[in-house]
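Keep in mind it's a predicted model, so treat the numbers as computed, not measured.
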Amino acid sequence: MQISMAISPLTAPQVFPFHQPILQSPKPQKIALQRHGNPVNSFRDSGLLSTIGVEEEYRRARSQVHRKGVDLEGYSIEGISVGGQETCIIIPEFKCAFDIGRCPSRAIQQNFVFITHAHLDHIGGLPMYVASRGLYSLSPPTVFVPPCIKEDVEKLLEIHRTMGQVELDVDLVALDVGDTYEMRNNLVCRAFETNHVIPSQGYVIYSVRKKLKKQYMHLKGKQIEKLKKSGVEITDTILSPEVAFTGDTRTDFMLDPRNADALRAKILITEATFLDEGVSIEHAREHGHTHIFEIIENAQWIRNKAILLTHFSSRYHIEDIRKAVSKLQSKVTAKVVPLTEGFKSVY
């Protein structure tokens, strides 16, 4: 079921009428204390104090390595996103994955996949995903793609059908910018425009609820029931943006008023490929990506309750990521969290 709707302004609520392995701890070092003199001075002279400090840093850094995801605003978000290698973000509550990178095994159970663009680190696992669904006798998935790549995706799947002699059943939906699709009776999704080096788009997922129309709020239960039985539409359909996912993009999407819902969803999942002065903003933009400095510059437009940063360059360590995130956190009221699965600590 596909529904076209107008993109909403920056107001709330909206009303629409509807007709690597884990690091191992080092072995504890046995320290023989001297029976004479000052033990602290003995530690200092031996250099053990600096060793203890390093080990404390190690333990603290290791605790930051979160391999399975984060809990934000009532949603459990997991997956992996390493710039140029793979991206797949999973939200089990929606039974969906955003992009399918190398198809991590936990993505196979998701009924919906949203493809943002055709780079292999975002779409390369699609044939494996569809084939695995069939292997485990799961229902054919629904895969959303930008309309401009649907024909090529169909060709890609057909090639794998021929080579592997398998069926690869899938409902491939070309969802254009501004179009809305009903995932279930209380959940819809909508595509919005992003800005990468090839055609791309992001997605917003909305919760749906019914609300009694204002003109009927004064009526009693029996009167409302009578109107309902007579065929009068007594409720409005309220769409609330829950999660927005951008995929790879420049920050231009933040300045487009038609993308207001992405910036007021409870959670914004967006890329921050570059994090420091070692890479310029110009370089990031030339390659169709976002520098975290640009997000800081545009912080005034962010109305989200939480931001999940993804797609960091593999040049960074967890400590680099954490340092950069703290700078953004000081500029926004939203809770800022990095997805660090796939990244290592300097320790």
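S207 is linked by a side chain to side chain donor-acceptor pair (under 3.5 Å) to E242, counting only residues two or more places apart in sequence or in another chain. Legend: residues meeting side-chain contact (heavy atoms from CB on, under 4.5 Å) with D252, ordered by chain and number and at least two apart, are N195, R250, R285. The salt bridge (Lys or Arg N to Asp or Glu O under 4.0 Å) check on E297 picks up nothing, with sequence neighbours excluded. Residues forming a ring-ring contact (aromatic ring centres under 6.0 Å, His included) with H160 (at least two apart in sequence, or on another chain): none. Shown here are the side-chain contact (heavy atoms from CB on, under 4.5 Å) partners of A107, two or more places apart in sequence or in another chain: C88, I90, I100, P104. Under the rule for a salt bridge (Lys or Arg N to Asp or Glu O under 4.0 Å), D171 has no partner lying at least two apart in sequence or in another chain. Residues satisfying the side chain to side chain donor-acceptor pair (under 3.5 Å) test with S200, not counting sequence neighbours, are T194. Residues satisfying the side chain to side chain donor-acceptor pair (under 3.5 Å) test with R161, not counting sequence neighbours, are E158. Partners of E286 by side chain to side chain donor-acceptor pair (under 3.5 Å), not counting sequence neighbours: none found.
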Practice item. Kindly determine whether R190 and D179 satisfy salt bridge (charged side-chain N to carboxylate O under 4.0 Å, His left out), including the steps that lead there. Key: CA-CA 6 Å; R190 177 185 294 157; D179 286 348; over 6 Å; no
Point to revise | Stepwise side chain to side chain contact (heavy atoms under 4.5 Å, CB included) test for F245 and I267 | key: CA-CA 9 Å; F245 179 78; I267 306 170; over 6 Å; no
Exercise for review: Give the C-alpha distance, both sets of side-chain angles, the deciding distance and a yes or no for ring-ring contact (aromatic ring centres under 6.0 Å, His included) between Y316 and F274.
Suggested key: CA-CA 9 Å; Y316 298 117; F274 302 110; 7.3 Å; no
Point to revise | side chain to side chain contact (heavy atoms under 4.5 Å, CB included) assessment of L339 paired with I89 | key: CA-CA 9 Å; L339 186 65; I89 308 299; 3.4 Å; yes
Exercise for review: Could you walk me through whether V325 and L309 pass the side chain to side chain contact (heavy atoms under 4.5 Å, CB included) test, one step at a time?
Suggested key: CA-CA 8 Å; V325 166; L309 293 180; 4.0 Å; yes
Point to revise | side chain to side chain contact (heavy atoms under 4.5 Å, CB included) between T310 and I269, intermediate numbers included | key: CA-CA 7 Å; T310 65; I269 307 174; 3.8 Å; yes
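Listed by first and then second residue, the side-chain hydrogen bond (donor to acceptor under 3.5 Å, both in side chains) pairs involving residues 129-154 are N111-R133, R133-S139 (not counting sequence neighbours).
Within the 3.5 Å criterion, the main-chain N or O of V70 finds no donor-acceptor partner in the side chain of E78. N304 places no side-chain N or O within 3.5 Å of a backbone atom of A306 that could act as its donor or acceptor partner.
Taken to the nearest 0.5 Å, the CD atom of Q201 stands 11.0 Å off from the CG atom of N259. Put simply, CZ on R209 and OG on S240 are 5.5 Å apart, with the number rounded to the nearest 0.5 Å. Remark: I296 CD1 to H291 NE2 distance equals 9.0 Å, nearest 0.5 Å. Separating the OH atom in Y75 from the CD1 atom in I91 is a distance of 8.0 Å, to the nearest 0.5 Å.
Contact annotation: the side chain of L308 never approaches that of L268 to less than 4.5 Å [non-hydrogen atoms, C-beta and beyond]. Taking 4.5 Å as the limit, some side-chain heavy atom of N186 sits within range of a side-chain heavy atom of R184. Within the 4.5 Å cutoff, no side-chain heavy atoms of V188 are placed close to those of Y181. Using a 4.5 Å cut-off on side-chain heavy atoms (C-beta onward), Y203 and C189 make no contact. Contact check for V208 versus T237: side-chain heavy atoms found under the 4.5 Å cut-off. With contacts defined as side-chain heavy-atom distances shorter than 4.5 Å, the pair L138/Q109 qualifies. With contacts defined as side-chain heavy-atom distances shorter than 4.5 Å, the pair K344/I318 does not qualify. With a 4.5 Å cut-off on side-chain heavy atoms, E319 and K323 do not count as touching.
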N/O donor to acceptor pairs below 3.5 angstrom from side-chain atoms of residues 112-123, sequence neighbours left out:
{"residue": "T116", "atom": "OG1", "partner": "D99", "partner atom": "OD1", "Å": "3.2"}
{"residue": "T116", "atom": "OG1", "partner": "D99", "partner atom": "OD2", "Å": "2.9"}
{"residue": "H117", "atom": "NE2", "partner": "H119", "partner atom": "ND1", "Å": "3.4"}
{"residue": "H119", "atom": "ND1", "partner": "H196", "partner atom": "NE2", "Å": "3.3"}
{"residue": "D121", "atom": "OD2", "partner": "G84", "partner atom": "N", "Å": "3.4"}
{"residue": "H122", "atom": "ND1", "partner": "D99", "partner atom": "OD2", "Å": "2.8"}
{"residue": "H122", "atom": "NE2", "partner": "D248", "partner atom": "OD1", "Å": "3.1"}
{"residue": "H122", "atom": "NE2", "partner": "D248", "partner atom": "OD2", "Å": "3.0"}

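Through chains of ILVMFWY side-chain contacts below 4.5 Å, V197 is grouped with I198.
Within a 6.0 Å radius of CD in E167, other residues, nucleotides and ligands contribute 12 heavy atoms or fewer.
Checked by atom type, the side-chain pair E86/S81 shows no donor-acceptor distance below 3.5 Å.
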